Amino acid sequence: MCGIIGIAGRSPVNQSLFDGLTVLQHRGQDAAGIVTCDHSRLFLRKDNGLVRDVIRTRHMRHLNGDIGIGHVRYPTAGSADSAEAQPFYVNSPFGIILAHNGNLTNAAQLKDELFRSDLRHINTRSDSEILLNVFAHELQQRSRLSLDAEDIFAAVAAVHRRVRGAYAAIALIVGFGLVAFRDPYGIRPLVFGRRESEDGVEYMAASESVALDVLDFQRIRDVAPGEAVLFDLDGRLHTRQCAERPIYAPCIFEFVYLARPDSIMDQVSVHKARLRMGEYLAEKILRVWPEQDIDVVIPIPDTSRTAALQMASTLGIKYREGFIKNRYIARTFIMPGQKTRKKSVRQKLNAIDLEFRGKNVLLVDDSIVRGTTSGEIIRMARDAGARRVYFASAAPPVRYPNVYGIDMPAAHELIAYGRSEDEVARAIGADRLIFQDLADLEEAVRRGNPALQRFDTSCFTGEYVTGDIDQPYLDCLARERADSVKNAGDSMDNAIIDLHNND
């Protein structure tokens, strides 16, 4: 999970890129980067850290140009100390910069092909650099000194034929413009919009619509699965379906946890989808636990608030805020390593004793992944005086790794792997545990857009929509994502070559 943004403007875009990345910060807190282009010269600033820490005033002064792209990174393999920040650059053909959200499932094969057949060197372990080089190679096959839209669409079509997995990408081609494209399943989100300026029409693409909103861009629509959207330097918009057999199957976990509630993704309001998740989960409680003795519904901030509020309304039970969140602590789901995640839970949340003392409380969270946060929070509720602690998850049990760009780790690190729901309840210390049914979760999202007949629900079912995932791949992924690897550090951290990086 990462956040990407690209703007083809008519005036300097550095501040707009910075502001857009700031509202996408929830999608990645490990590294940030911006590239701008002024005529034919590229300017880059990227490093580990939050947007506000990586890109300071002294860097902004050097980010010249009216076209550019940005990225916030959240690592899904190796150490979070890795210096493999994006965007990435290749100088041939033309000069191309690319930012990518997702994960390529045939990255090893592609890396070998790029070396043996395409004669291209990959300098990092990032699959984003692989995607960039595949796109650059296919564009070079056009063998033309100048480009047109047909050349770019043909290159994207070739990328779709070679690449497997999830990818939403934005590429800046020097001297031509921006191209945004999405994998044939539309697993990771991508939206685009436009705004009128004094100098003409400006276009923007981003991971979530909230980035368009804050910059006063009018959302046009989502980039369709397999589609490429091109914004050229003359202010013209070109679109083309570049995949042979696109299938709409967005990641449902985006709606559960990853996206901001004020975003609209694949024509679905994330906020309303979460309200419906709470409604369906409350109806399940009424159905399977009619004798429930819940005194109060308390959300675990922040993602679960919407669902918890609707649950309390449907159940006719009081809703209370029982935890105060320290907003200066990063999201624990994306913390590098189990020890760091566990330590940060009590730094992030503090219980209001009066809301717990002597009560049977229903804690509501968006999901349970490793169980670290859930177990710690249940202990906090008991320490605050709760008589009984029940727990509800707006998502089904997470029992399988995610291979499409979310750091859901090796199966054995998932609390629900190999356990029944009662066993998970005992493992996290809950008096009772209620999970959302998968059919209800899918319907909660689909009600916002009936055209979404299929989703990527692989972390719940173990069924991967791309159809190319086998056990050897999962075993390899488990080794790469293991907490032991993240805690061991990364000997490659200083082996990255940057382009015009303003220190």
Side-chain angles (χ1 to χ4, degrees), residues 2-73 85-89 95 97-101 169-174 177-180 190-220 229 231-235 237 260 262-263 498-503:
C2 297
I4 60 176
I5 182 175
I7 300 176
R10 315 301 289 182
S11 60
V13 296
N14 54 352
Q15 188 64 54
S16 292
L17 289 169
F18 179 91
D19 293 342
L21 285 183
T22 300
V23 299
L24 294 177
Q25 186 75 84
H26 61 286
R27 299 190 66 86
Q29 300 163 353
D30 177 53
I34 287 177
V35 172
T36 59
C37 184
D38 188 17
H39 296 94
S40 61
R41 189 177 180 193
L42 295 167
F43 301 88
L44 165 67
R45 171 59 184 169
K46 63 178 183 177
D47 203 351
N48 287 345
L50 301 176
V51 177
R52 66 170 184 261
D53 298 323
V54 170
I55 303 162
R56 312 302 289 266
T57 301
R58 65 181 183 273
H59 304 125
M60 293 286 281
R61 293 194 186 106
H62 298 286
L63 291 170
N64 304 320
D66 56 10
I67 186 170
I69 61 176
H71 186 271
V72 286
R73 179 178 185 267
Q86 295 187 45
F88 284 113
Y89 167 77
I97 292 278
L98 181 138
H100 162 229
N101 174 31
I170 303 174
L172 189 164
I173 306 171
V174 175
L178 288 182
V179 58
L190 193 59
V191 64
F192 69 99
R194 60 173 280 163
R195 72 181 177 190
E196 300 283 346
S197 72
E198 294 179 358
D199 300 312
V201 179
E202 300 177 306
Y203 289 98
M204 173 179 171
S207 294
E208 295 186 33
S209 65
V210 64
L212 278 69
D213 296 339
V214 300
L215 296 173
D216 292 326
F217 279 80
Q218 297 299 311
R219 182 174 62 92
I220 296 175
V229 177
F231 318 121
D232 68 27
L233 295 183
D234 295 322
L237 169 66
R260 278 181 44 151
D262 45 346
S263 284
D498 283 348
L499 163 75
H500 294 138
N501 199 359
N502 305 311
D503 294 326

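All figures in this text were calculated on a predicted structure; none of them were measured in a lab.
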Chemist: Check whether Arg45 reaches the backbone of Leu63 with its side chain - one donor and one acceptor, N or O, closer than 3.5 Å.
Modeler: no
Chemist: So do the side chains of Leu172 and Cys37 get within less than 4.5 Å of each other, counting heavy atoms only?
Modeler: yes
Chemist: Using only atom types and a distance under 3.5 Å, with no angle test, would you say the side chain of Ser207 pairs donor to acceptor with the backbone of Ile4?
Modeler: yes
Chemist: Would you give the length of the straight line joining atom CD1 of Ile97 to atom CZ of Phe43, rounded to the nearest 0.5 angstrom?
Modeler: 12.0 Å
Chemist: Contact between Val72 and Val51 at the side-chain level, heavy atoms closer than 4.5 Å - yes or no?
Modeler: yes
Chemist: Excluding sequence neighbours, so at least two apart, what forms salt bridge (charged side-chain N to carboxylate O under 4.0 Å, His left out) with Arg219?
Modeler: none
Chemist: So which atom in Asp262 and which in Arg260 form the shortest heavy-atom distance, rounded to 0.1 Å?
Modeler: OD2-NH2, 2.6 Å
Chemist: Atom CG of Leu21 and atom CZ of Arg52: how far apart are they, to the nearest 0.5 Å?
Modeler: 13.5 Å
Chemist: Quick one, Ile67 with Leu233, criterion side-chain contact (heavy atoms from CB on, under 4.5 Å). Give me CA distance, side-chain angles, the key distance, then yes/no.
Modeler: CA-CA 9 Å; Ile67 186 170; Leu233 295 183; 3.8 Å; yes
Chemist: Which distance, rounded to the nearest 0.5 Å, do you find between the CG of Asp47 and the CD1 of Ile55?
Modeler: 10.0 Å
Chemist: Are any of the side-chain nitrogens in Glu198 or Arg10 under 4.0 Å away from the carboxylate oxygens of its partner?
Modeler: no
Chemist: Show, in sequence, the C-alpha distance, side-chain angles and deciding distance for Val174 and Leu42, and conclude whether the side-chain contact (heavy atoms from CB on, under 4.5 Å) test is met.
Modeler: CA-CA 8 Å; Val174 175; Leu42 295 167; 3.9 Å; yes
Chemist: Of the non-hydrogen atoms in Ala180 and Ile170, which two are nearest, and what is the gap between them?
Modeler: CB-CG1, 4.2 Å
Chemist: Judged by atom type as modelled, is there a donor-acceptor pair below 3.5 Å linking the side chain of His62 to the main-chain atoms of His59?
Modeler: no
Chemist: Rounded at 0.5 Å granularity, tell me how far OG1 in Thr36 sits from CD1 in Ile69.
Modeler: 10.5 Å
Chemist: Which heavy atom of Leu212 sits nearest a heavy atom of Ala206, and at what distance?
Modeler: CD1-CB, 3.9 Å
Chemist: A side-chain contact here means heavy atoms from C-beta on lying under 4.5 Å apart; do Arg194 and Met204 qualify?
Modeler: no
Chemist: Among residues at least two apart in sequence or on other chains, which ones pass salt bridge (charged side-chain N to carboxylate O under 4.0 Å, His left out) with Asp232?
Modeler: Arg236
Chemist: Thinking salt bridges, do Arg195 and Asp216 make one under a 4.0 Å N-O criterion?
Modeler: no
Chemist: Spell out, as yes or no, whether a donor-acceptor pair under 3.5 Å connects the side chain of His71 to the backbone of His100.
Modeler: yes
Chemist: Does Asp19 have any salt bridge (charged side-chain N to carboxylate O under 4.0 Å, His left out) partners at least two apart in sequence or in another chain, and if so, which?
Modeler: none
Chemist: Taking the side chain from Asn14 and the backbone from Met60, do they hold a donor-acceptor pair closer than 3.5 Å?
Modeler: yes
Chemist: Does Glu208 reach the main-chain N or O of Ala211 with its side chain, forming a donor-acceptor pair under 3.5 Å?
Modeler: no
Chemist: Indicate yes or no: at least one non-hydrogen side-chain atom of Val35 is less than 4.5 angstrom from one of Pro87.
Modeler: yes
Chemist: Could you tell me the separation between the CD1 atom of Ile34 and the CD1 atom of Ile5, rounded to the nearest 0.5 Å?
Modeler: 8.0 Å
Chemist: Could you state the interatomic distance from CG (Leu24) to OG (Ser263), rounded to the nearest 0.5 Å?
Modeler: 7.5 Å
Chemist: Which of parallel (below 30°), tilted (30 to 60°) and perpendicular (above 60°) describes Phe231 and Phe192?
Modeler: tilted
Chemist: Check this for me: Glu196, atom CD, are more than 12 non-hydrogen atoms of other residues, nucleotides or ligands nearer than 6.0 Å?
Modeler: yes
Chemist: Could you tell me whether the side chain of Asn101 and the main chain of Cys2 form a donor-acceptor pair under 3.5 Å?
Modeler: yes
Chemist: Taking all atoms of both residues into account, what is the closest heavy-atom pair of Gly3 and Arg27, and its distance?
Modeler: N-CB, 3.8 Å
Chemist: Any heavy-atom pair between the side chains of Tyr203 and Leu178 that's under 4.5 Å?
Modeler: no
Chemist: Which heavy atom of Leu190 sits nearest to which heavy atom of Ala169, and what is that distance?
Modeler: CD2-O, 4.0 Å
Chemist: Are Lys46 and Gln86 close enough that some pair of their side-chain heavy atoms sits under 4.5 Å apart?
Modeler: no
